[in-house]
Amino acid sequence: MSWGTELWDQFDNLEKHTQWGIDILEKYIKFVKERTEIELSYAKQLRNLSKKYQPKKNSKEEEEYKYTACKAFLSTLNELNDYAGQHEVISENMTSQITVDLVRYVQELKQERKSNFHDGRKAQQHIETCWKQLESSKRRFERDCKEADRAQQYFEKMDADINVTKADVEKARQQAQMRQQMAEDSKADYSLILQRFNQEQWEYYHTHIPNIFQKIQEMEERRIVRIGESMKTYAEVDRQVIPIIGKCLDGIVKAAESIDQKNDSQLVVEAYKSGFEPPGDIEFEDYTQPMKRTVSDNSLSSSKEGKPELKFGGKSRGKLWPFIKKNKLMTLLTSPHQPPPPPPASASPSAVPNGPQSPKQQKEPLSHRFNEFMTSKPKIHCFRSLKRGLSLKLGVTPEDFSNFPPEQRRKKLQQKVDDLNKEIQKETDQRDAITKMKDVYLKNPQMGDPASLDHKLAEVTQNIEKLRLEAHKFEAWLAEVEGRLPARSEQARRQSGLYDGQTHQTVTNCAQDRESSPDGSYTEEQSQESEHKVLATDFDDEFDDEEPLPAIGTCKALYTFEGQNEGTISVVEGETLSVIEEDKGDGWTRIRRNEDEEGYVPTSYVEVYLDKNAKGS
C-alpha cells in the first residue's frame, strides 16, 4: 500500500490530512503541558498543606508531638511532603522527555511537510506547463491544417477557372504548397511535443508524485509512531514514581502502626502527675453539739485547743488564701463591714449640718479584725505558698518552679539542670579550644599574640563558674524535690529570694502540708503546728518589698464625708483624689491622698473617672 499509487490524485486531501496530524500532535503537547501544570500545582498545594500543619518551633504545639499519635501525624506530613516531591518529578520528566522533544519534533515536521508539498506543487506546475505547450502546439497544428485546406481549395478553384491568368494560378499553387508545408511542420512539432508531454506525464504520475507522496506517507507514519512513543513515555513517567509513592504510603502505614496508646497514656501521667496524695475521708460533723470557737484577743492565732475546724463546702481542707499584696490584705482587715451611708438629700453640704455620717461602729482592736478574718478565710500556714500564688496571679514563674506540683516541678528542674550541663559543656569546649590556640600562639608567636586571648579566656571561665553555680542551685532544688535532701539549703534559699525571713522548720512544714485542690490550685493543710509559727512580724516581712497599688483613675468628692470608722478616710467636697480600687459591689471605693494616706469612701459620695488603659490592664 502506497499513497503514491493509491492516492495519486488526492494531493489536496493529503495536504489537509497532514496538517490535521500536526494539529493533533500540538493538541497532545498542550495536554501534556497542562498535566505538568496540574502536577506542579498539586505538589505545591500538598507542600503548603504539609507546612500548614507542621508544629511551630519553640511553641506549646511542638511539645505535644511527644505523643506517638502526634509523631505518626508528623511522619504522615513528612511523607506527604515526599509524596508532593514525586509529583514534581512527574512534572519535570514529562516536560523534559515529552513536551520539549515533541515541540522540537513538530517544528521539524512542519519543515519537512512544507518541503514535500513544495516539491509536489513544483511537479504539478511543470506538468501543467507541458500541458499548455501541448495545447498550444495542437491549436497551431489545427490552424495550419485548416489554412492548408483553404489554400488547396483556392488553388483548385483558380486552376479550374479559364478566366484566371496562368500567373495567378501559379501564385495560388505556391501558396497552397506553403500552407501545406506549414501544416506538416506544425504536425511534426505537435507530435514531438505530444511525445514529450506523454513522457513527462508518465514520469509525473509514476515517478515524481509517488516519490513525493511516499515521503509524505513516511512523514505521517513517523508522526503517528512518535505520538505513540510519547504516550508510552507519559505512562512510564507515572510508573517510575509509583515505587517511591508506595514507599511514602508504606511510611504512613508504618507510622500509624507505631502508635502506642499505652505509651501515650504514660506520657499523660508524666505530663500532669502532681505527686500529691488523694484527700482523706471527710470527718463527721456533729451539729447536735454546739461548736466552740475560742479566739484569743491577745494573739494573732487561736490556741490549739480552741481552734475551730473550718469546713468549706463539706471539705476538710481550705483553699489557699487569695494571692494579694500587703496593702490589699491590710485594707481587707480594716475595710468597713457595713454598707455605705446614702448621699445627703441636697447637693450642698449646708443642707446637712454635720454632713453625712458613716455607720456608727465601735472600733475594735486589729487583733480582733485579724481573728475575724482568720475565721472567715482559710488560714495561711506558709508564706512561700503565698508568694507562689502571687507569682501565678502576676503570670511570673518562680525560679525554682515552686508553682508546679512536685512531680512536674521535678521534671522542670531536671530539664533545667540538663540544659545548664549542656551549656557548661559548650563553654568548656570553647575554653579548651581557646587554650589550645593560646598554646599554638606561644609556640609560634608569628601566628598571633597569646595575650589577646586572655580576655576571652577569662570571660569564658567566668561564664563556666556562673553556670556551675546556677547548676548547683538547681541541683539542690532537685535533690529537695526527689527527697535526697530534707529541705533546701540556706544558700539556695537566698538565691531564690523566696524564703527570706522564714525559718528552716517553716519551710519543712510547708513542703509537708502542700496539697492539691480540685481545680489544680494549691492549698495548705490546716496544720496546728504551723499555725503557731506564723507571726504578724513574718507576715509584714514577707510583703515589705511589695509596691503600693497603682492609681487606676481619679475622683472628685461630691459631698463631705467624715471617715470615723476604721479603714475609711475623710474627704471634703470638691477635693480631687486618686482611685486605687473601684467599687466591687459593696458600695465602697478605695482612694488615696498624697501617696501615703488611703482608705474607703462611699461610692455615691464621689464622681469617679477611671483611666481606660489602667482599667483595661
Side-chain angles (χ1 to χ4, degrees), residues 54-71 74-75 78 263-264 266-276 384-385 387-437 455-500 507 510-511 514 516 520 522:
Q54 288 284 348
K56 297 180 178 59
K57 293 184 179 180
N58 301 325
S59 65
K60 182 179 179 182
E61 184 180 358
E62 189 176 17
E63 298 178 359
E64 297 174 354
Y65 278 80
K66 61 185 178 181
Y67 299 102
T68 57
C70 294
K71 288 181 179 178
L74 183 60
S75 299
N78 294 333
N263 183 65
D264 285 1
Q266 182 61 31
L267 291 176
V268 174
V269 172
E270 295 177 0
Y272 300 109
K273 182 180 179 181
S274 65
F276 294 134
R384 172 181 174 183
S385 299
K387 177 70 79 171
R388 180 183 64 231
L390 204 60
S391 300
L392 287 174
K393 286 287 185 179
L394 299 176
V396 179
T397 302
E399 186 181 13
D400 62 346
F401 304 105
S402 58
N403 60 318
F404 286 90
E407 185 68 20
Q408 301 303 317
R409 183 187 179 201
R410 183 192 65 78
K411 291 179 60 179
K412 292 286 185 181
L413 290 172
Q414 184 65 54
Q415 182 180 0
K416 186 68 176 180
V417 169
D418 295 341
D419 293 342
L420 288 173
N421 288 334
K422 290 179 181 179
E423 290 293 330
I424 291 174
Q425 185 62 39
K426 182 179 178 181
E427 294 291 335
T428 303
D429 295 341
Q430 186 176 1
R431 182 189 62 184
D432 295 343
I434 295 175
T435 304
K436 291 181 180 179
M437 186 180 295
H455 176 71
K456 182 65 176 177
L457 186 61
E459 181 180 354
V460 173
T461 304
Q462 185 178 5
N463 291 341
I464 293 175
E465 292 300 324
K466 289 181 180 179
L467 291 173
R468 284 177 177 173
L469 289 175
E470 193 79 6
H472 179 71
K473 176 176 64 175
F474 281 94
E475 286 172 356
W477 288 334
L478 180 61
E480 175 190 347
V481 174
E482 292 178 344
R484 292 198 300 265
L485 296 178
R488 293 169 53 186
S489 64
E490 291 295 330
Q491 179 182 2
R493 185 181 303 126
R494 287 194 299 271
Q495 290 173 346
S496 65
L498 298 178
Y499 300 91
D500 294 338
V507 176
C510 292
R514 187 179 302 156
S516 174
Y522 293 97

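Residue numbers run from 1 in the order of the sequence given. Quantities reported herein were computed from a predicted structural model and do not represent experimental measurements.
- Checking side-chain atoms of Asp264 against main-chain N and O of Thr68 turns up a donor-acceptor pair under 3.5 Å.
- Shown here for Trp477 and Glu399, the closest heavy-atom pair between the two residues is CZ3-O, 3.8 Å.
- Here the straight-line distance linking atom OG1 of Thr428 with atom CD of Glu423 works out to 10.5 Å at 0.5 Å rounding.
- In this structure, Asn263 CG and Glu270 CD are separated by 8.0 Å, a value rounded to the nearest 0.5 Å.
- Residue Lys71 comes nearest to Lys66 through the heavy atom pair CE-O, 3.4 Å, listed as atom of the first residue, atom of the second, then distance.
- When all heavy atoms are compared, the tightest approach of Leu413 to Val481 is CD1-CG2, 3.8 Å.
- Put simply, CG on Asn421 and CZ on Arg468 are 10.5 Å apart, with the number rounded to the nearest 0.5 Å.
- Within a 6.0 Å sphere centred on NZ of Lys426, other residues, nucleotides and ligands contribute 12 heavy atoms or fewer.
- Here CD of Gln430 is found 10.5 Å from OG1 of Thr435. Values are rounded to the nearest 0.5 Å.
- The closest side-chain heavy-atom distance from Glu470 to Lys466 is not below 4.5 Å.
- A distance of 10.5 Å separates CG in Leu420 from CD in Gln415, rounded to the nearest 0.5 Å.
- The heavy-atom pair separating Ile424 from Ala471 by the smallest distance is CD1-CB, 4.1 Å.
- Partner of Glu427 under the side chain to side chain contact (heavy atoms under 4.5 Å, CB included) criterion, chosen from Asp432, Asn463, Thr461: Asn463.
- Counting heavy atoms from C-beta on, the side chains of Gln54 and Asn78 come closer than 4.5 Å.
- Residue Tyr272 holds its OH atom at 10.5 Å from CG of Leu267, rounded to the nearest 0.5 Å.
- In summary, the side chains of Gln414 and Asp418 do present a donor paired with an acceptor at a separation below 3.5 Å, with no hydrogens or angles considered.
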Let me see the working for Gln425 and Asp429 under side chain to side chain donor-acceptor pair (under 3.5 Å), right down to the final yes or no. CA-CA 6 Å; Gln425 185 62 39; Asp429 295 341; 3.0 Å; yes
